[in-house]
Amino acid sequence: MKIPPVKGTRDFYPPDMARRNWIIDGWKRVSVRNGFEEYDGPIFEYLKMFQIKSGDEIVEQLFSLTDRGGRELALRPEITPTLARMVNQQINSLPRPIKWFSVPRLCRAERPQRGRLREFFQWNVDIIGVDDVLADAEVIFCALDYLREVGLGAADIVVKISSREMLAALLLTIGIAESELEDLYAVLDKRSRLPGDTFEQMLAEKVPDENKRKKIFELMAVESIEQISDCLELNETARESVDELKHLFELLEVMGVADFCMFDISTVRGLAYYTGIVYEIYDRGGELRAIGGGGRYDNLLKQFGGPAIPATGFGIGDSVLAILLKEKGLFDKQLPSRKLDYFVACVDKVYRQAAVKLTMKLRSAGFAANFSYKAAKLSKQLKQASDQNAGRCVIIGSEIEKDQLIVKNMASGEQELINFGKFLQQCQIESK
RNA sequence: GUGAAAGUAGCUCAGUCGGUUAGAGCACUGGAUUGUGGAUCCAGGGGUCGCGGGUUCGAAUCCCGUCUUUCACCCCA
């Protein structure tokens with residue numbers, strides 16, 4: 001009986017695994033050089049933990065289970081709550097600022113589509129304990145540092161940046177009630193994805209007052225931060241958050257990533273917990289869903305029972321990123337292909353034990369080495385050596401009686417007859 | 001969760017007004033080459049045509065259901 005893989009999951013055959021590792025290793029390397037430390041938590045948590053922040057409708061979108069002790073658990077759909085929990089637990093002993101990253105495996109019970117799976121990896125980078133917008137700039141830089149390193153330029157991707165705090169202040173100025181903000185965000189967030197008249201219709205349902213609606217339209221048509229003050233009179237909160245955004249763009253300029261970034265007032269993010277700067281990373285072609293996104297969430301730790309500590313961070317998933325890298329032709333050519341240092345072949349079965357013995361010696365010295373399981377023809381064994389991407393092939397034949405063997409460079413095809421003891425000596429030296 | 005399209009070998013696909021034993025290329029295995037790989041040529045293995053049911057003398061082909069994938073919604077933590 002054949003059992004298929006579960007809907008929305010992926011099998012990672014060795015070539016897929018090489019790609020996955022290449023992506024994840026890059027995430028980790030860039031995190032570390034940007035001064036972040038790695039953490040991780042359990043793959044399941046109390047269901048309750050995910051409800052605190054997002055409400056009951058979220059329960060339908062996560063995989064939940066009841067354990068034998070009757071505990072209501074859920075497979076983690078994100079790691080930010082775990083981060084908040086972990087930080088709160090040791091909040092008094094952690095030196096600040098806290099700069100942490102993680103590459104969790106996450107599960108969401110969504111309907112799978114291109115770039116959206118039920119199980120995936122997500123790179124999360126967060127700074128906790130810094131309210132300066134410099135921290136927001138730094139995490140955005142970190143994301144771009146990676147994307148730029150794998151070959152995605154400002155012509156390929158864009159970071160659309162806005163501020164929720166600013167948008168809230170502006171909408172309140174227009175006369176929208178505070179209680180209506182969340183609903184309205186959801187509509188505004190869709191603006192760029194919907195045809196104009198559909199958007200107008202949806203907006204009309206939320207904002208029946210025509211004057212207010214007109215103001216919102218004007219506001220959403222704004223293309224630069226400067227234009228905002230032409231459109232509306234700014235109160236103090238609005239002015240502060242406008243200044244903060246301007247400052248953010250100055251910092252991104254200083255960091256050398258300004259050409260990747262643009263102001264986009266309709267970027268809101270779906271999550272309720274964002275409090276200030278928010279951003280999403282897209283492919284410039286606009287073909288794919290968001291590669292990642294993030295923002296400031298200054299109230300979250302408090303909601304999880306800790307003190308009020310500011311925080312900011314982003315997440316980038318592996319599936320959309322992989323699609324984009326593949327489309328841009330940036331994927332396979334960057335994968336490391338060489339796998340084996342040595343393949344040990346023998347020309348006759350009488351030398352097989354010698355081949356096995358030498359292979360083990362090479363392995364113990366730290367080399368990746370294989371031998372043939374069959375006393376096949378030498379041509380077959382050399383083919384195996386090529387198939388396994390061996391750098392060199394050691395050939396054991398009748399020369400071994402004179403304490404000699406052949407070492408063949410698989411790339412150049414050159415080979416030399418070498419004294420066995422000398423070869424071993426060379427390997428010991430190389431392995432240091 | 002709603003609506004739509006697709007599913008034939010490991011991969012990319014051909015084959016359908018219903019008609020013998022379902023094909024190709026690539027990949028894989030073996031041989032040509034008894035001590036030298038990547039090329040070439042030859043041969044071989046591999047399919048209950050996604051799965052289940054129905055119509056029919058006869059189904060990969062038509063009908064229904066189901067699963068999976070993809071697209072549009074929903075959602076996007």
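In the text below, chain A, chain B and the rest are named by the order of the sequence lines, each starting its count at 1. Values below: all heavy atoms of this structure, side chains included; hydrogens, waters and symmetry mates excluded.
For the C1' atom pair drawn from U20(B) and A59(B), the interatomic distance equals 14 Å after rounding to whole Å. Rounded to whole Å, the P atom of C51(B) lies 12 Å from the corresponding atom of G10(B). Taking atom P in both G23(B) and C49(B), the straight-line distance is 14 Å, to the nearest Å. Across the P atoms, A5(B) and A77(B) are found 31 Å apart, a figure rounded to whole Å. C57(B) and U16(B) have their P atoms separated by 24 Å, given to the nearest Å. Taking the C1' atom of each, G44(B) and A27(B) are spaced 14 Å apart, rounded to whole Å. Spacing of C1' atoms, C28(B) relative to G45(B), comes out at 9 Å, to the nearest Å. As rounded to the nearest Å, A60(B) and A4(B) have P atoms that lie 27 Å from one another.
Residue contacts for G292(A): at a heavy-atom cut-off of 4.0 Å it reaches no nucleic acid atom on any strand shown. Looking at heavy-atom distances under 4.0 Å, K374(A) makes contact with sugar-phosphate atoms alone, never a base.
Between C76(B), U70(B), A77(B), one nucleotide has an atom nearer to the side chain of Q61(A) than all others, and that is A77(B).
Following rounding to the nearest Å, R10(A) (CZ) and U70(B) (P) show an atom-to-atom distance of 11 Å. Between the NZ atom of K48(A) and the C1' atom of A77(B) there is a distance of 20 Å, rounded to whole Å. Put simply, CG on L117(A) is 11 Å from P on C71(B), counting in whole angstrom units. Rounded to whole Å, the distance from CD on Q113(A) to P on C75(B) is 13 Å. For the pair R111(A) CZ and C73(B) P, the interatomic distance rounds to 14 Å; values are reported in whole Å. A straight line from CG of L321(A) to P of C76(B) spans 22 Å, rounded to a whole angstrom. Atoms OH (Y13(A)) and C1' (G10(B)) sit 8 Å apart, rounded to a whole Å. Counting to the nearest Å, the C1' atom of A77(B) and the CD1 atom of I316(A) are 15 Å from each other.
Under the Watson-Crick or G-U wobble criterion, with both distances below 3.5 Å, C28(B) is paired with G44(B). Nucleotide U33(B) has no partner under the Watson-Crick or G-U criteria, as no pair reaches both atom distances under 3.5 Å. Taking a pair to require two hydrogen-bonding distances under 3.5 Å in either a Watson-Crick or a G-U wobble arrangement, U66(B) pairs with G50(B). Base pairing of C57(B) is made with G19(B), judged by Watson-Crick or G-U wobble geometry with both donor-acceptor distances under 3.5 Å. Remark: G38(B) base-pairs with no nucleotide; criterion is Watson-Crick or G-U wobble with both hydrogen-bond distances under 3.5 Å. Using Watson-Crick or G-U wobble geometry with both donor-acceptor distances under 3.5 Å, A9(B) finds no partner in any strand shown. Nucleotide C73(B): paired with G1(B) (Watson-Crick or G-U wobble, both distances less than 3.5 Å).
Judged by distance alone with a 3.5 Å cut-off, a donor-acceptor contact links the side chain of R108(A) to the base of A77(B).
In this structure, E223(A) places its CD atom where only 12 or fewer heavy-atom neighbours from other residues, nucleotides or ligands lie under 6.0 Å away.
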Next item on the list: Please step through side chain to side chain contact (heavy atoms under 4.5 Å, CB included) for the pair C261(A) and L144(A), ending with a clear verdict.
Entry: CA-CA 10 Å; C261(A) 302; L144(A) 290 170; 4.1 Å; yes
Next item on the list: Would you please test E119(A) and R10(A) for salt bridge (charged side-chain N to carboxylate O under 4.0 Å, His left out) and show each step?
Entry: CA-CA 8 Å; E119(A) 187 198 40; R10(A) 291 170 289 179; over 6 Å; no
Note to self: Go through it in stages, so that I can follow the logic: the residues are E280(A) and Y282(A), the test is side-chain hydrogen bond (donor to acceptor under 3.5 Å, both in side chains), and I'd like the CA-CA distance, side-chain angles, deciding distance and then a yes or no.
What the structure shows: CA-CA 6 Å; E280(A) 289 180 340; Y282(A) 286 93; 2.6 Å; yes
Margin query: If you apply the rule side-chain hydrogen bond (donor to acceptor under 3.5 Å, both in side chains), what do you find for N370(A) with R363(A), and how did you get there?
Written below: CA-CA 9 Å; N370(A) 266 344; R363(A) 288 175 179 175; 3.0 Å; yes
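R116(A) has no side-chain polar atom (N or O) that falls below the 4.0 Å cut-off from OP1 or OP2 of C76(B).
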Notebook entry, point to check: Along nucleotides 32-38 of chain B, 5' to 3', which nucleotides get a B, which get an S, and which get a -, given that the test is a protein heavy-atom distance under 4.0 Å?
Noted result: S-SBBBB
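The ring of Y279(A) has its center no closer than 6.0 angstrom to the ring center of Y274(A).
Cation-pi geometry between K99(A) and F36(A) is satisfied (NZ or CZ under 6.0 Å from the ring centre, within 45° of the ring normal).
Of the N and O atoms on the side chains of T312(A) and D136(A), at least one donor lies less than 3.5 Å from an acceptor on the other residue.
The aromatic rings of W27(A) and Y146(A) lie perpendicular to each other, with more than 60° between the two planes, well past the 30° mark.
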